[in-house]
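Take a look at the structure below.
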Amino acid sequence: MARCPSPSANSPPTTSPTAWQLGRLAFGSDPQPPPPATAPASGLTRYGAFDERGRLVGKAVDLHHEQWWHDRTVRAADVGGVAVAPEARDRGVARALLAALLRGAHDRGAAVSALFPTLTAPYRACGWEVAGVLRTVALPTATLPRHRPAPQLRLRAGQPADLPAVTALYERVARHRRGLLTRRGDLFAQPDSLPYDGLTLVEHDGDLVGYAGWNRGRGYGHDAVLTVEDIAASTGDAARALIGSLASWHSVAPTLRICPLPGDAVSAHLPLEAGREHERDLWMHRPVDVTRAVADRGWPAHLRGSVEFTLHDDLAEWNSGAWRLDVADGGARLSRVTTDPDLRLTVRGFALLYCGATDARAAAEAGLLHAATGADPGPLDLLAAGGAAHLHDYF
């Protein structure tokens, strides 16, 4: 291969057998191909890299998600399915694909991007940085508190007709946080049947205040597992009622697997000290367009301030330059300046601060923020205001 394969965007009605085979080899998935799709794919853009003979040697997918940031939606280009043929690796294929994906995402108005990496180094080289971890915890079901529901609460089994109310409750719980997917759009169409084995609902005077979607797994011996696929509660009483219901499985499912969301109502009542980490998935973040990323999200209403810095972004040149960040009244904006700021921020440093995953001094210690001699990096803590971001949907 004499040259770096060229990437292009396409959204065919179905994933080609070549693309499926490329992904199967990369991720070790089922050797049986899935049934052909009956409708064109929507809510995503596929990118392919082709050699001089037109053969597909690399692929990536831009998932058209939205993320919640302080009650505002931020358009995202979340990345999945990155794979490169073995004979084309170490030739810049993945970098070319990601550069094309960022350009396309910028053109369609995306502001940020997240992904779950199998390896961090190639994504760091392209500007993404590790901003958090999605943890799956295994808990002995017998350790769960056996709370009886409060008198005003009612537990019942959910049906497909309840799914719109479940979606609405998720949104109430998620929207004031940072980084969680909105679960809106074509990729989150309402299913005709329950996406789990069971759905437990908690209602207060007919209003949904908690739910847990779970899969039973197989068997009832010492190795049997009950997996909570999705859970949310808007009150502590609802959370305790859900946990009590899950505890009732202890005789036939000794282990409960759950992804706790830090600081939410459910986690506040789980005996997390009794658990062990079953699985951990790092997630990474980067800006697609820094001006949109700052302007579109919400900011703490009490916060006011400004700071100037220079940003360098190899893959998204529209982000590079000298900027002034102004935050006030729950909003913020970036504007270009002609000065030479004392603070120089890498795109990875921007991602960490934006997600509240570090502070400015720690970013400087990591080499992701450079301050002129005698300059204090602390003012860039303004970019990190609002608390840590979380990503709770694996894709």
Just how far is it from atom [atom1] of [X] to atom [atom2] of [Y], taken to the nearest 0.5 Å?
X: Leu139; Y: Leu144; atom1: CG; atom2: CG; answer: 6.0 Å
X: Arg286; Y: Leu352; atom1: CZ; atom2: CG; answer: 12.5 Å
X: Leu181; Y: Asp393; atom1: CG; atom2: CG; answer: 4.5 Å
X: Tyr394; Y: Leu134; atom1: OH; atom2: CG; answer: 9.0 Å
X: Ser245; Y: Arg240; atom1: OG; atom2: CZ; answer: 15.0 Å
X: Tyr47; Y: Leu97; atom1: OH; atom2: CG; answer: 10.0 Å

Going by atom types alone, do [X] and [Y] pair a side-chain donor with an acceptor below 3.5 Å?
X: Asp237; Y: Thr235; answer: no
X: Thr339; Y: Glu308; answer: yes
X: His312; Y: Glu317; answer: no
X: His285; Y: Ser113; answer: no
X: Asp162; Y: Tyr211; answer: no
X: His65; Y: Asp78; answer: yes

Smallest separation among heavy atoms of [X] and [Y], with atom names:
X: Gly58; Y: Val93; value: CA-CG1, 4.1 Å
X: Gly127; Y: Val347; value: CA-CG1, 3.5 Å
X: Ala131; Y: Ala357; value: O-CB, 3.7 Å
X: Pro287; Y: Asn319; value: O-ND2, 3.9 Å
X: Arg297; Y: Leu383; value: NH1-O, 4.1 Å
X: Tyr220; Y: Ala224; value: CA-CB, 3.8 Å

Any donor-acceptor pair under 3.5 Å from [X] side chain to [Y] backbone:
X: Thr182; Y: Gln67; value: no
X: Thr141; Y: Ala253; value: yes
X: Asp186; Y: Ser42; value: no
X: Asp381; Y: Asp359; value: no
X: Arg304; Y: Val327; value: no
X: His392; Y: Cys259; value: yes
X: Ser320; Y: Asp313; value: yes
X: Thr167; Y: Leu163; value: yes
X: Arg72; Y: His176; value: no

Honestly curious: do [X] and [Y] fall in one hydrophobic cluster under the side-chain, below-4.5 Å linking rule?
X: Leu343; Y: Val294; answer: yes
X: Val225; Y: Leu270; answer: no
X: Val166; Y: Val228; answer: no
X: Val173; Y: Trp68; answer: no
X: Ile231; Y: Tyr170; answer: no

Discussion item. Would Asp376 and Arg361 count as a salt bridge (Lys or Arg N to Asp or Glu O under 4.0 Å) here? Give the steps.
Written reply: CA-CA 8 Å; Asp376 179 10; Arg361 288 179 178 83; 2.9 Å; yes

Fill in: Any His64 side-chain heavy atom under 4.5 Å of Arg108 side chain
yes

Worksheet item: Does any non-hydrogen side-chain atom of Leu180 lie less than 4.5 Å from one of Arg178?
Response: no

Worksheet item: Between Glu129 and Arg124, does a salt bridge (Lys or Arg N to Asp or Glu O under 4.0 Å) hold up when you go through it step by step?
Response: CA-CA 6 Å; Glu129 184 50 71; Arg124 280 180 165 150; 2.9 Å; yes

Heavy-atom count around [X] [atom1] within 6.0 Å, excluding the residue itself: above 12?
X: Phe27; atom1: CZ; result: yes
X: Arg218; atom1: CZ; result: no
X: Arg172; atom1: CZ; result: yes
X: Asp107; atom1: CG; result: yes

Item to complete: Applying side chain to side chain contact (heavy atoms under 4.5 Å, CB included), run through His390 and Leu261 and close with a yes or a no.
Response: CA-CA 8 Å; His390 300 102; Leu261 178 60; 4.0 Å; yes

Discussion item. Between Trp323 and Thr291, does the side chain to side chain contact (heavy atoms under 4.5 Å, CB included) criterion hold? Intermediate values first, please.
Written reply: CA-CA 10 Å; Trp323 299 96; Thr291 57; 3.5 Å; yes

Are [X] and [Y] within salt-bridge range, i.e. N to O under 4.0 Å?
X: Arg216; Y: Asp197; value: no
X: Arg177; Y: Asp264; value: no
X: Arg292; Y: Asp296; value: no
X: Glu229; Y: Arg257; value: no

Practice prompt. Dump the intermediate steps for side chain to side chain contact (heavy atoms under 4.5 Å, CB included) on Asp62 and Arg46, then the final yes or no.
Written response: CA-CA 6 Å; Asp62 168 8; Arg46 295 191 179 100; over 6 Å; no

Item to complete: In sequence, state the C-alpha distance, the side-chain angles, and the governing distance for Arg183 and Glu66, and then conclude on salt bridge (Lys or Arg N to Asp or Glu O under 4.0 Å).
Response: CA-CA 7 Å; Arg183 298 185 183 175; Glu66 293 177 332; over 6 Å; no

Item to complete: Kindly indicate, with the supporting measurements, whether the criterion side chain to side chain contact (heavy atoms under 4.5 Å, CB included) is fulfilled by Arg95 and Asp314.
Response: CA-CA 11 Å; Arg95 185 179 179 86; Asp314 279 341; 3.7 Å; yes

May I ask you to check whether [Y] and [X] place their ring centres under 6.0 Å from each other?
X: Trp69; Y: Tyr354; value: yes
X: Trp214; Y: Trp249; value: yes
X: His106; Y: Trp318; value: yes

Discussion item. Run the side-chain hydrogen bond (donor to acceptor under 3.5 Å, both in side chains) test against Thr136 and tell me which residues pass, sequence neighbours left out.
Written reply: none

Worksheet entry | Mutual orientation of the aromatic rings belonging to Phe116 and Phe395 [parallel < 30°, tilted 30-60°, perpendicular > 60°] | perpendicular

Fill in: Derivation of the salt bridge (Lys or Arg N to Asp or Glu O under 4.0 Å) call for Glu203 and Arg154
CA-CA 5 Å; Glu203 295 176 331; Arg154 175 191 176 219; 3.2 Å; yes

